[in-house]
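In each ligand, atom 1 is the first atom listed, and ligand 1 is the first ligand listed. These numbers were taken from a predicted model, which means no experiment stands behind them.
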Amino acid sequence: MTVRSISRGFIEIDLDGIARNAKMIGDVAGVPIVAMVKADGYGLGAIQVARKLEQLGEMVWGFGVATIDEAGELVDAGINGRILCFTPLLPEQLASAKKLGVRPSLHRPQDIALWKKLSGGPWHLAIDTGMSRAGIGWTEITSLAESVSDFPPEAVFTHFHSADLSDVSMSTQTERFEGAVRELGKLPGGSLRHLRNSAAVGRSIGAEEGAGDLARSGIALYGVHVSDQPDVENVVTMRAAVVDVRTIQQGETVGYEGTFTAQRESRIATVAAGYGDGYRRALSNRAAGLLGGKRVPVAGIVSMDMTTFDVTDTKCAVGDLVTLIGRDGDDEITVDEIARLGAISPYELLVGLKLRLPRVYKGGGEC
Ligand SMILES: *Cc1c(COP(=O)(O)O)cnc(C)c1O
């Protein structure tokens with residue numbers, strides 16, 4: 001017999017919200033999107049997200065992953081859409097990519113030759129225009145001219161390093177990309193180009209030149225604003241139960257290192273989630289939760305399994321749920337806000353949410 005306890009907390013993911021975000025990103029981008037679902041859909045569940053977004057038809061051109069295992073998971077789950085793998089694969093992994101029908105990103109002549117020998121399907125040529133991480137350097141592109149004319153890619157692409165920060169680097173990288181593609185010589189008609197990530201879609205600087213035929217979007221799908229546009233919605237709710245409420249006297253401290261000192265007689269609620277659940281330590285004494293629609297500040301250092309809140313001014317009982325991320329009443333704490341308060345990357349915050357709490361899904365049905 002399996003004994004299942006009533007959950008002490010959960011992460012709820014709004015799949016309808018993700019679908020609405022995808023439509024909005026597609027509208028702003030003006031081209032189909034590649035939905036990035038790497039790292040288990042930024043921690044929110046790659047299979048569930050892909051199943052939902054598959055229903056949007058050709059507006060979602062394909063799904064982006066980082067590894068063969070991630071691609072395999074999508075295939076096993078019955079996802080029929082195109083799957084692109086963006087991290088360079090080791091030569092020995094190309095056979096697995098072929099078996100799974102995955103589109104690899106390639107940039108080395110020997111890998112392109114091997115992919116051809118394996119009778120691999122469509123592949124994408126990665127061009128490095130300043131990220132210095134993967135792809136053929138834009139100044140080295142002629143070294144690929146022969147491989148490419150011999151076995152042309154379905155698409156050529158590059159990746160911006162600072163689309164959320166600087167106009168200049170985006171236009172510089174776009175120029176480098178366009179120049180490299182010109183030097184490559186004639187690509188077959190219908191070859192695609194893709195450059196933009198979420199932030200670049202929002203910025204759309206030099207849109208004519210740099211728009212490309214597809215946009216690769218990850219973080220914006222999951223409701224984080226990396227630029228003014230598109231105006232995506234928060235899709236994550238994180239709630240955990242109050243497991244203890246106590247009164248402490250003025251001058252008493254709360255938590256490790258005693259970083260919170262009660263300025264008056266105070267009520268402290270202990271919630272059963274901490275950084276072991278992805279509610280990061282950087283939020284100590286900085287963030288707030290929502291209880292009965294009211295803000296309650298984090299008091300003291302977030303520990304691994306528990307977080308303490310100052311509930312002196314709010315009604316609170318054991319068993320109440322505190323909303324750490326999401327809406328309660330008229331107020332909402334977004335992933336954006338939590339990341340800002342903790343001065344942490346919203347990407348890291350999201351991927352950390354799958355650590356321990358169960359994930360539940362809203363809107364698994366039709367779009
Ligand atoms: C992860 C990734 C993206 C998505 O970036 P976001 O900022 O999340 O939109 C786009 N392109 C590549 C190559 C990536 O690895």
Exercise: do [X] and [Y] side chains pair donor with acceptor under 3.5 Å:
X	Y	result
Thr259	Asn285	yes
His159	Arg216	yes
Asp69	Thr67	no
Ser198	Ser217	yes
Thr158	Thr129	yes

Exercise for review: Please state whether the rings of Phe86 and Phe157 are parallel, tilted or perpendicular, taking 30° and 60° as the class boundaries.
Suggested key: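 Answer is perpendicular, since the angle exceeds 60°.
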
Among all protein non-hydrogen atoms, which one is nearest to [atom], and what is the separation to 0.1 Å?
atom	value
atom 15 (O) of ligand 1	Lys38 NZ, 2.7 Å
atom 8 (O) of ligand 1	Tyr42 OH, 2.6 Å
atom 12 (C) of ligand 1	His159 CE1, 3.4 Å
atom 7 (O) of ligand 1	Tyr347 OH, 2.6 Å
atom 9 (O) of ligand 1	Ser198 OG, 2.5 Å

Practice item. Just jot down the ligand 1 atoms closer than 4.0 angstrom to any heavy atom of Asn197, in number order. Key: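 Answer, ordered by atom number: 5 (O), 9 (O).
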
**Study point:** Test: Arg103 cationic atom under 6.0 Å from Trp123 six-membered ring centre, within 45° of axis
**Key:** no

Check your understanding: Is there a heavy atom in Tyr222 that sits closer than 4.0 Å to ligand 1?
Key ->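 It does not; every heavy atom stays at 4.0 Å or beyond.
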
N/O to N/O below 3.5 Å, does that happen between [X] and ligand 1?
X	result
Arg216	yes
Gly218	yes
Ile219	yes

